[in-house]
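Written out below as C-alpha cells is the structure these notes cover.
First listed ligand is number 1; within each ligand, the first listed atom is number 1.
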Amino acid sequence: MHEQYDPQKIEENAQKTWEEHACFQATEYTNKEKFYCLAMFPYPSGRLHMGHTRVYTIGDVISRYQRMLGKNVLQPMGWDGFGLPAENAAIQNKIPPAEWTYKNIGFMRNQMKRLGLGFDWSREITTCDPNYYRWEQWFFIKLYEKGFVYKKNAEVNWDPVDQTVLANEQVVDGRGWRSGALVERREIPQWFFKITAYADELLNDLDKLPGWPEQIKAMQKNWIGRSEGVEVNFTLSHNQNEHLTIFTTRPDTLFGVTYIAIAPQHELAKQAANTHPALQQFLHECKNIKVAEAELATLEKRGLPTGLTAVHPITHEPLPIWVANFVVMDYGAGAVMAVPAHDQRDFEFAQHYKLPIKQVILPADQSEWDFSKAAYVSPGELINSAQFTGLSSEKAAPQIITLLENHDKGKAKIHFRLRDWSISRQRYWGTPIPIINCATCGTVPVPEKDLPVILPEQVKFSGVTSPLKSMPEFYEIECPNCHQQATRETETFDTFFESSWYYARFACKKQETAMLDGRANYWLPVDQYIGGVEHAVMHLLYARFIHKALRDEGLVNHDEPFTRLLTQGHVLKDGTKMSKSKGNVVDPEMLTTRYGADTVRLFVIFAAPPEQNLEWSDSGVEGAYRFLKRLWAFGYEHKNAIMHQNHTYSTDKAIDWDHSDPKQRDILRQLYDILDQIKYDYERLQLNTVVSGCMKLLNLLTKVPEATDPDNDYQEYIIQQGMKMLLSVLSPIAPHMTHQLWQDLRFPGLLLNACWPKGNSIAFKQDEISLVVQINGKLRSRITVAADANQEIIEQTALTDDKVKQIMSGKIVKKCILVPGKLINIVI
Ligand SMILES: [Zn+2]
C-alpha cells in the first residue's frame with residue numbers, strides 16, 4: 001500500500017479491473033430484482049461539460065448504490081447522433097456530419113470512461129447508425145398503416161437562419177431555439193404524428209407517476225391543456241349556408257359577444273381581402289407575426305374589419321367580423337367569439353377600436369365593475385342574458401350549451417391545447433422519411449424489405465440546403481406500386497423521434513431482426529430516469545406518446561416508460577449557467593487530470609442536492625480532494641490493525657460485549673446510526689448528505705478511544721468495522737479510491753460486488769442507558785439498564801438497587817411510572 005494518495009494510478013487500475021471482469025455488462029438471466037437506471041443520452045457535441053459530468057455522476061451513484069442492494073442493474077449509454085449542430089459544423093468546416101459526429105462520440109466516450117462511469121458499453125446506441133434508425137422507419141410505417149401518421153399543408157414556424165421548420169416548443173420568445181433568429185410563418189406540406197389521439201391518456205396517466213416531480217407533471221398537464229367548453233356556430237350574414245365554428249370555455253358569457261375576431265390566415269380573411277386592399281396589406285404585414293403564446297399576450301393588438309358580419313346564435317344580432325393579429329390559426333379554428341367585458345384580450349382590442357363592451361356577468365358580491373380599465377374575467381351572476389339572467393356562471397353554462405345543442409347551433413366539446421406532432425424537418429442530418437411520392441399512387445411507404453432507407457454519409461454542402469435535394473441518386477426511385485418513376489421524400493425526421501424510444505432499444509442488445517424483443521419487457525419501465533428540467537415538456541411527452549404507441553403495436557407491455565424521474569439542476573458559476581458564450585466554463589477533463597475522477601465526482605455530488613442548481617466553487621473541489629486524501633491517510637495509518645482484524649472477527653457477534661468499554665460501544669452505536677441515515681438519504685436521492693454522512697463516519701473513526709480494560713479492547717475492531725462501512729457507502733460516489741483501499745486493506749472480494757453493510761442489532765442490545773430513580777417524585781438513585789429493557793426489567797432493577805432498597809425498607813409499592821429513556825418513579 002502506498003502512503004500517498006495517487007488518484008491517477010488508482011483510477012487507472014480500478015477501471016482496468018472493472019473492464020477485465022466486465023463488471024457493468026448486464027444480463028437478463030438472473031433471479032435478482034432488476035433496476036434500470038438511465039440518464040438522458042447526450043448530443044455528441046464534442047466534449048463533456050460540467051452539466052454532463054453532474055448528471056452522469058448522479059446516475060452512476062444511483063446505479064452503484066442499487067447494485068450494492070443486490071439488484072440486477074442496467075445502466076446503458078448512447079448518443080443522440082442526429083441534429084443541427086453537426087450540419088452547421090459541416091457547413092463551416094467542410095467535414096461531413098457523420099465524420100464530425102463519430103469523432104465527437106469517440107472523444108466523449110473516452111471522457112466518460114475516465115470518470116469511471118459504470119456504463120454497459122456493450123449496449124451502446126448511436127441514433128445515426130442505420131441499425132438504429134431502420135427500426136424507426138419501420139415503426140413509422142406501422143403507424144402510417146394504422147392511420148396515426150398523416151401529411152397536410154400546414155403553416156409552420158420557419159427558422160430563416162437554420163432553414164428549417166420548428167415545433168412550437170422550439171420557438172422561444174418568438175425566436176428559433178438554436179439559431180436565435182426571428183421565426184417566420186410559412187405554409188408547407190408536413191408529416192404529423194397524431195399525438196392528440198393519446199391526449200386523454202397522456203393526461204390521465206400522469207396520475208400513475210407518483211415518482212415524478214409535481215412541477216414536471218404540472219408542465220405536462222399545462223402543455224396538454226385539456227379544457228371543457230362548447231363549439232358555437234355563428235352563421236354568416238351574407239351566406240346562410242356557411243358558419244364559423246368557434247370554441248369557448250365560457251358559454252356563460254355568450255350574450256356578451258360583441259364582435260368576432262379571426263386569424264389573418266383564416267380563409268374568410270383571404271376572401272374578404274380580395275376586394276379590400278387595406279386588408280390585403282394588413283394580412284401581408286401579419287405574415288411574419290411572432291407566434292409564441294407568451295408573446296401573443298403582450299403583442300400590440302391590431303386589426304381591421306372585414307366588412308362582413310355573423311349572426312349571434314341566440315339573439316340573432318349581427319356581429320362584425322374583424323381580422324385580428326392576436327388570433328392564431330392553430331388554436332381552435334382560427335376564430336374567437338369576442339366578449340370584451342369578460343376577456344382581457346378582447347377588452348383591449350375593443351377599447352382600441354371603440355367596439356361595444358357589454359357586461360353580462362356581475363361579480364358574485366354584486367359590486368359595480370369599473371370597465372374603463374380592465375375586463376371582469378371571473379365567474380359570477382348572469383345579467384343581460386335573457387332567460388339565464390340571475391343564474392350563476394356555473395349553473396348557466398350547461399343550460400346554455402343545451403339550448404345551443406337543441407337548436408343545432410353548437411355542441412359540448414373537450415378541447416386540447418396539444419397539437420399533433422410535426423415530424424418533418426427540411427434538414428439533411430436526420431433519419432430519412434421512408435416514403436415515396438408517386439404521381440399516380442400518391443404517398444407510398446417504402447416496402448419493409450427495402451428498409452433501411454440509408455442516409456448517404458459522403459455529401460457535399462452548398463449553402464444550408466439539404467444535399468439530399470440535389471442528389472438524384474438518392475431521390476430518384478421506382479414506385480413500388482406501379483413501377484413508374486417516382487421520388488423519395490428528401491426530408492428527415494425530427495430528432496425527438498430518435499430520443500423517444502432509445503431507452504427501450506437499450507434493453508434489446510444486438511437485436512438485428514426486430515425493433516424490440518421480450519427483453520424490453522424485462523427491463524422496462526426505466527426505474528430511475530434522470531435529466532434536465534428543460535426536457536420536461538417535449539422529450540418526456542414525445543417519449544410517453546411513442547411508448548404508448550409501441551404498447552399498442554404489442555412491442556412493450558407497460559403504459560409508461562419512466563417510473564421515477566429526477567430532474568437535476570444546472571451547474572452555475574458566479575450565479576449564471578456555465579456556457580461557452582459567457583466564458584465561464586470549467587472543463588471537467590482539466591479537473592480530472594489535476595485531482596482525479598473521484599474528486600470531481602465527490603464535488604458534484606456534495607455541492608448541492610441533485611435537483612437544485614449547483615454553484616461552482618474551486619474551494620469546494622479542493623475540499624473534496626482533501627477529504628479523500630484524509631481518508632487515504634487514515635487507511636494507511638491503520639492498515640495493520642485493519643488487516644489483523646480482518647482475519648480475527650467476521651461479525652460483531654464474536655465480541656464479548658458484556659465486558660466491553662461503554663465509550664467504544666457508544667462509538668459503534670453512532671456508526672450504525674449514521675449508516676441508517678446514509679441509507680435513508682440514498683433512498684430519497686439526497687446524495688449531498690450521503691457525503692456529509694461519510695465525513696461524519698471518518699471523524700468518528702479518528703476518535704475511537706482505547707478501552708480502560710486492555711483485555712476487552714475493541715478499538716481495532718471498531719476501526720476495521722467502521723472502515724468497511726465507510727468504504728462501502730462511499731464507493732458509489734468515489735468508486736476508485738474506495739476500491740483500492742478495500743483491496744489494500746484485505747477486505748474480501750471486489751468492493752464493487754460487496755453488499756450494502758448490515759446494521760448490527762447486537763450493538764444496540766448491549767448498549768446501556770442510565771435512568772433516574774425517583775421515590776414519590778424525589779430523586780433517590782440512578783440505575784443502568786439495557787437500552788431496550790422493558791418496564792418489568794427496569795422496575796426489578798430499580799427495586800433491587802441498594803439505595804432504593806434502603807429507603808423502601810419493606811414498604812409496599814403502589815405503582816411505578818416509567819418515562820422511557822429518562823426516569824422511573826416509584827409511588828409508595
Ligand atoms: Zn405509383
Side-chain angles (χ1 to χ4, degrees), residues 82 127-156 158 163-165 167 186-197 419-462 465-498 500-501 512-515 545-546 549-550 552-555:
F82 281 132
T127 59
C128 56
D129 178 347
N131 284 324
Y132 181 81
Y133 66 68
R134 72 171 294 164
W135 297 110
E136 189 166 302
Q137 293 173 333
W138 175 85
F139 190 59
F140 170 85
I141 291 166
K142 291 284 159 205
L143 291 178
Y144 176 89
E145 287 164 354
K146 285 167 92 175
F148 277 100
V149 170
Y150 64 92
K151 192 177 196 179
K152 70 161 188 194
N153 260 346
E155 191 155 274
V156 292
W158 179 258
Q163 292 280 300
T164 192
V165 171
R186 273 200 193 181
E187 197 167 273
I188 54 172
Q190 293 283 290
W191 286 100
F192 286 87
F193 273 146
K194 264 192 200 167
I195 187 172
T196 51
R419 304 287 93 195
D420 278 339
W421 174 12
S422 137
I423 47 166
S424 322
R425 294 295 176 269
Q426 287 64 48
R427 301 304 301 252
Y428 151 76
W429 188 233
T431 301
I433 297 179
I435 290 284
I436 293 159
N437 295 310
C438 169
T440 313
C441 314
T443 53
V444 182
V446 173
E448 199 174 324
K449 67 173 175 50
D450 295 337
L451 293 179
V453 178
I454 293 181
L455 182 75
E457 293 189 353
Q458 291 307 318
V459 291
K460 283 203 183 79
F461 278 89
S462 55
T465 312
S466 166
L468 295 182
K469 295 193 194 292
S470 49
M471 291 176 78
E473 66 271 36
F474 174 77
Y475 64 73
E476 280 182 357
I477 178 103
E478 189 179 276
C479 169
N481 256 359
C482 67
H483 305 289
Q484 287 172 353
Q485 189 63 35
T487 52
R488 278 189 197 286
E489 282 281 350
T490 51
E491 302 194 344
T492 51
F493 286 137
D494 179 3
T495 58
F496 275 109
F497 193 6
E498 282 92 67
S500 291
W501 65 284
E512 289 184 355
T513 57
M515 184 179 192
F545 158 63
I546 291 292
L550 290 169
D552 293 346
E553 191 60 36
L555 293 166

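Among residues two or more places apart in sequence or in another chain, the side-chain contact (heavy atoms from CB on, under 4.5 Å) test is passed with Ile477 by Ile436, Arg488. Residues satisfying the salt bridge (Lys or Arg N to Asp or Glu O under 4.0 Å) test with Glu476, not counting sequence neighbours, are none. The ring pair (Phe, Tyr, Trp, His ring centres under 6.0 Å) check on Phe474 picks up nothing, with sequence neighbours excluded.
For the residue pair Glu498 / Thr431, a side-chain donor-acceptor distance below 3.5 Å is found, with atom types taken as modelled. Donor-acceptor pairing under 3.5 Å is lacking for the side chains of Asn437 and Thr487.
Taking 4.5 Å as the limit, every side-chain heavy atom of Leu555 sits out of range of all side-chain heavy atoms of Lys142.
For the Zn ion (ligand 1), the count of nearby protein N, O or S atoms, meaning those under 2.8 Å away, is 4.
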